[in-house]
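First the structure, in the form of structure tokens, and then the observations on it.
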Amino acid sequence: MEESRGQHLPSDVQESASPHDSGRLNLDAYVNLGSSLPGLKKRNHGHGSRSWIKIDQNGESMIMELDKGTIMRHCSLPARDLRLLDPLFIYPSTILGREKAIVVGLEQIRCIITADEVILMNSLDACVVQYESEFCKRLQTNKDQAEDLPFEFRALELALELTCISLDAQVKELEMEIYPLLDELASSINTLNLERVRRVKGHLLALTQRVQKVHDEIEHLMDDDGDMAEMYLTEKKQRAEACALGDLFFQNNISGENRVLSKSAPISPVRSVSGVQKLQRTFSSIVTSSKHGSLTSSSSNDEKVDQLEMLLEAYFVAIDNSLSKLFSLKEYIDDTEDLINIKLGNVQNQLIQFELLLTAATFVTTVFAVVTGIFGMNFTASVFDYPSAFNWVLVITGIACGFLYSAFLFYFRHKKVFPL
């Protein structure tokens, strides 16, 4: 009795406590109430107990404290799947289909979806609050209406929808920030603009990785029909219940036949044979119905796989659109970087041209200074007998240096080092 009680969530808490307007249950009241109810133990937060939000098929939500062992037993999940939902660790987005649950870890929405309830990681994040309120609202609004999608697909659809909306909003916000910044950088290249672009580019790469992971996860599910069939929890639950009813019916028939045979008088061989034949016919009808049910469920499975595939395809297109926007942003950044490199290369070429002109002028000036220095030395020469001879030397040297500098310019123009 205690073992079966540990395998189910404490649903009697929901009946005994009245939720407030938003359908939540006060955490402290739940803990105090759980300590007084039989079969419920007050757990310490240091032993892996965390706050979760439970949403049932009626759209009612409540907050409860559950440890990993309770969730593992209730949802038949291994411990490694619960680590993906741990808020202390950062894991990439993932969607896992298990025997009795779907483990969803999309951005801030981390939840466990079963055939009749959603166990959501309690958080103050806007996405988690929006998921809880929107899902409860949809369930309560469509309570009396026929839905094409089962409960688990509606829960998964809302998680995908909010994730795609959140990522697309972040992409649009990044677009509004990055396009004016790149245009400003293209017109004015300075350290401040380069630093801002470097920071925004880091955000772009991080957001691209997150969107790419969600994109790859949806694509992986769409490519694997087995994983999609594993996620149809309502079908598996109905099939298990049908098998249990069939086994119970078979056992009742056997026990009833045994009671008839034991209470009757000595039976003739003909009567006994007819009883055995009746038992065999009953068994064969059950086997035939089970085979027919398996064939029907397999065909229905294919139908539901197509249904889930169309559901995933819609959000795959949405997330692919966001990923295309990020790739366009990355290409725009690359084009801006190429433009900046071209401009910097042009400036570098102009500096090299100026350096060549300055070097040629320095060489010519050095030649003039050498000639002047030689004639300024104190040595005996006939040219010093004429007072104006040194002036003529300076004029001739200057003209020669001018021709030399013109020769350098002509050479640079001939080699097309730079246009003049």
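We're numbering straight along the sequence, starting at 1.
The side chain to side chain donor-acceptor pair (under 3.5 Å) analysis of residues 314-324, with sequence neighbours excluded, yields the pairs Glu157-Tyr315, Asp168-Ser322, His215-Asp320. The ring pair (Phe, Tyr, Trp, His ring centres under 6.0 Å) pairs that include a residue from residues 164-183 are Tyr179-Tyr332, where partners are two or more places apart or lie in different chains. The list of ring pair (Phe, Tyr, Trp, His ring centres under 6.0 Å) pairs with a residue in residues 95-127, not counting sequence neighbours, is empty.
Residues forming a side chain to side chain donor-acceptor pair (under 3.5 Å) with Thr114 (at least two apart in sequence, or on another chain): Asp116. The side chain to side chain donor-acceptor pair (under 3.5 Å) check on Arg198 picks up Glu195, with sequence neighbours excluded. The salt bridge (Lys or Arg N to Asp or Glu O under 4.0 Å) test applied to Glu177 returns Arg199, not counting sequence neighbours. For Lys330, the salt bridge (Lys or Arg N to Asp or Glu O under 4.0 Å) partners are Asp334, not counting sequence neighbours. Contacts of Gln209 classified as side chain to side chain donor-acceptor pair (under 3.5 Å), with partners at least two apart in sequence or in another chain: none. Qualifying side chain to side chain donor-acceptor pair (under 3.5 Å) partners for Gln170, counting only residues two or more places apart in sequence or in other chains: Ser166, Arg210. Arg196 meets the salt bridge (Lys or Arg N to Asp or Glu O under 4.0 Å) test with Glu184; sequence neighbours excluded.
Counted within 6.0 Å of NZ on Lys201, heavy atoms from surrounding residues, nucleotides or ligands total 12 or fewer; the atom is thus considered open.
Aromatic ring centres of Tyr232 and Phe153 lie closer together than 6.0 Å.
Look at Glu117 and Lys54 and you find a salt bridge, because one of the NZ, NE, NH1 or NH2 atoms lies within 4.0 Å of a carboxylate O, short of that distance. Under the 4.0 Å criterion applied to side-chain N and carboxylate O atoms, Arg98 and Asp81 are assigned as salt-bridge partners.
Each of Lys213, Gln212, His220 was scored for a side chain to side chain donor-acceptor pair (under 3.5 Å) with Asp216, with one residue passing: Gln212.
Within the 3.5 Å criterion, the main-chain N or O of Thr94 finds no donor-acceptor partner in the side chain of Glu217. In this structure, the side chain of Lys100 does not engage the main chain of Leu233 through any donor-acceptor pair within 3.5 Å.
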For residues 343-351, run the donor-acceptor check on the side chains, cut-off 3.5 Å, and write out each pair with its distance to 0.1 Å, sequence neighbours left out.
residue, atom, partner, partner atom, Å
Lys343, NZ, Ala186, O, 2.4
Asn349, ND2, Gly345, O, 3.2

Can you list, pair by pair, the side-chain donor-acceptor contacts under 3.5 Å of residues 366-375, counting residues two or more places apart and other chains?
residue, atom, partner, partner atom, Å
Thr366, OG1, Thr362, O, 2.6
Thr372, OG1, Phe368, O, 2.8

Legend entry - Evaluation steps, ring pair (Phe, Tyr, Trp, His ring centres under 6.0 Å), between Tyr405 and Phe363: CA-CA 9 Å; Tyr405 188 72; Phe363 178 74; over 10 Å; no
Inset, instruction - Could you go through the side-chain contact (heavy atoms from CB on, under 4.5 Å) check for Val104 and Leu96 one step at a time? - result: CA-CA 7 Å; Val104 178; Leu96 301 175; over 6 Å; no
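No donor-acceptor contact under 3.5 angstrom links the side chains of Asp125 and Ser123, judged on distance only.
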